[in-house]
Amino acid sequence: YQLRHRLEWNIGTLSNGDSIELKFNVTVNGKAKPFSSFAARTEAESDQYYSVAEHRTDVNYWGGDDPTVLYVNCHANGNSNGISWEDAYKTLDEALRIAELANTESNIVNRIYVAAGTYYADISIGNFRMIDGVDIYGGFVGYESAPEDRNLRSYDYLTILRRTEIYDGYGNYADNSTVEANNAVIDGFVITGGAFNFAGIECDGVSATIRNCIIEDNNGYGVLCYSG
């Protein structure tokens with residue numbers, strides 16, 4: 001438990017059988033990340049008694065001007081809630097996780113925009129796992145409004161996705177592909193680092209659309225498609 005704010009009230013003298021009700025209205029700001037939570041903790045103290053109550057409230061998904069888009073920029077220094085370039089997530093993994101949660105009940109998020117930079121997959125997974133129906137676009141400088149605004153001919157703003165090697169605990173590194181595709185678009189990335197016998201992009205029984213990508217320096221295949 002982290003104490004962020006503390007408010008104190010003197011509620012006067014209460015006799016046996018008396019009661020008092022305190023109500024709190026809490027409004028979260030831009031620092032509240034979707035699918036996080038916050039706790040309201042109340043402490044009551046008298047000469048003879050002390051009690052504590054705590055209630056935790058989940059933060060639902062909320063978006064910016066266009067809630068169907070999440071933003072990723074490894075150089076961003078904002079609130080890291082993904083609703084704009086200024087407040088972009090720093091990792092693609094985080095945006096993919098939030099998109100999957102947001103789409104559990106209804107398909108809210110359908111695009112992720114990723115600014116130039118090198119992105120490594122989460123160490124616990126090792127690769128990037130696309131979400132069904134969520135298109136991901138790279139090659140942004142970090143101010144554009146749509147994929148059509150990118151200059152994909154410029155090599156100054158490459159968005160690079162690299163596999164992360166995972167040690168399996170038996171003296172080996174677990175092999176995998178850099179990107180596990182899904183039924184969605186991947187557009188504007190450099191895909192590299194796929195393991196031997198695997199690929200830069202792996203399509204296992206899915207119909208992915210691959211556009212404007214450079215697939216290079218993978219130890220196995222560039223693109224590996226099977227079971228579909």
Side-chain angles (χ1 to χ4, degrees), residues 69-76 80 82 88-103 109-142 147 150-228:
V69 179
L70 293 178
Y71 296 85
V72 179
N73 188 344
C74 58
H75 304 293
S80 191
Y89 293 118
K90 286 183 173 293
T91 68
L92 176 57
D93 289 293
E94 180 71 358
L96 289 169
R97 184 183 70 84
I98 294 299
E100 185 173 28
L101 289 171
N103 291 355
V109 177
N110 56 39
R111 286 163 293 160
I112 298 175
Y113 295 165
V114 189
T118 300
Y119 298 84
Y120 292 87
D122 189 297
I123 189 64
S124 65
I125 301 174
N127 61 2
F128 297 97
R129 298 177 181 177
M130 294 178 63
I131 308 302
D132 190 19
V134 179
D135 302 336
I136 57 175
Y137 295 87
F140 292 93
V141 178
R150 299 172 297 170
N151 179 10
L152 294 177
R153 295 184 178 182
S154 173
Y155 283 82
D156 294 330
Y157 302 106
L158 297 177
T159 305
I160 303 169
L161 302 184
R162 294 191 63 91
R163 178 181 65 94
T164 298
E165 293 184 331
I166 301 177
Y167 184 66
D168 65 5
Y170 296 97
N172 302 304
Y173 284 101
D175 291 336
N176 51 27
S177 300
T178 300
V179 176
E180 288 187 18
N182 213 315
N183 298 305
V185 173
I186 179 168
D187 182 318
F189 293 90
V190 177
I191 313 294
T192 187
F196 181 71
N197 283 335
F198 286 82
I201 300 178
E202 180 181 345
C203 304
D204 182 3
V206 299
S207 180
T209 300
I210 304 168
R211 293 194 301 244
N212 302 312
C213 289
I214 299 172
I215 303 172
E216 63 181 10
D217 296 332
N218 294 283
N219 296 311
Y221 304 93
V223 179
L224 177 61
C225 298
Y226 50 91
S227 299

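Positions are given from 1 along the sequence. Being a predicted model, the structure only gives us computed values, none of them experimental.
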**Rounded distance (nearest 0.5 Å) linking atom CG of Leu96 with atom CZ of Arg129** = 11.0 Å
**Asked** Do Tyr221 and Glu202 have a side chain donor and acceptor closer than 3.5 Å?
**Response** no
**Prompt:** So, does Asn182 use its side chain to make a donor-acceptor pair with the main chain of Val206 at under 3.5 Å?
**Reply:** no
**Item:** Ring-face cation of Arg150 near Phe140 (centre distance under 6.0 Å, axis angle within 45°)
**Value:** yes
**Prompt:** What is the minimum heavy-atom distance between Glu216 and Thr192, and which atoms define it?
**Reply:** O-OG1, 3.0 Å
**Item:** Close side-chain approach of Ile136 and Phe128, heavy atoms under 4.5 Å
**Value:** no
**Prompt:** Any side-chain heavy-atom pair from Arg211 and Tyr137 closer than 4.5 angstrom?
**Reply:** yes
**Prompt:** How many angstroms lie between CG in Asn183 and CE in Met130, if you round to the nearest 0.5 Å?
**Reply:** 9.0 Å
**Complete:** Interatomic distance, CG@Asp132 vs CG@Asn103, rounded to 0.5 Å, equals 9.5 Å
**Request:** List the atom of Ala115, the atom of Asn73, and the distance in Å for their closest heavy-atom pair.
**Result:** CB-CG, 3.6 Å
**Prompt:** Would a distance-only check, ignoring hydrogens and angles, find a side-chain to backbone donor-acceptor pair under 3.5 Å from Ser177 to Glu180?
**Reply:** no
**Prompt:** Can you name the closest pair of heavy atoms from His75 and Lys90 and give their distance?
**Reply:** C-NZ, 4.2 Å
**Item:** Tyr157 side chain near Asn151 side chain, heavy-atom distance below 4.5 Å
**Value:** no
**Complete:** Residues at least two apart in sequence or cross-chain that pass side chain to side chain donor-acceptor pair (under 3.5 Å) with Asn219, listed by chain then number, are none
**Item:** Side-chain heavy-atom pair Thr178, Ile215 within 4.5 angstrom cut-off
**Value:** no
**Request:** Could you check Tyr226 against Asp204 for side chain to side chain contact (heavy atoms under 4.5 Å, CB included), going step by step and ending with a plain yes or no?
**Result:** CA-CA 5 Å; Tyr226 50 91; Asp204 182 3; 3.4 Å; yes
**Fill in**
Heavy-atom nearest pair, Ala181 first then Ile201, reads CB-CG2, 4.0 Å
**Prompt:** Could you give the distance from CG (Leu92) to OH (Tyr119), rounded to the nearest 0.5 Å?
**Reply:** 8.0 Å
**Item:** Interatomic spacing from CZ in Arg163 to CD1 in Ile191 - rounded to 0.5 Å
**Value:** 13.5 Å
**Asked** When rounded to the nearest 0.5 angstrom, what is the spacing between CG in Asn212 and CD1 in Ile186?
**Response** 11.0 Å
**Ile131 to Ala184 - nearest heavy-atom pair and separation** = O-CB, 3.9 Å
**Prompt:** So, are Glu100 and Arg97 salt-bridged, with charged N and O less than 4.0 Å apart?
**Reply:** no
**Message:** Restricting to non-hydrogen atoms, name the atom on Ala116 and the atom on Cys74 that form the minimum distance, rounded to 0.1 Å.
**Reply:** O-SG, 4.0 Å
**Request:** Report the residue from Val114, Asn110, Ile98 that forms a side-chain contact (heavy atoms from CB on, under 4.5 Å) with Leu70.
**Result:** Ile98
**Asked** Less than 4.5 Å apart, any side-chain heavy atom of Ile112 and any of Val134?
**Response** yes
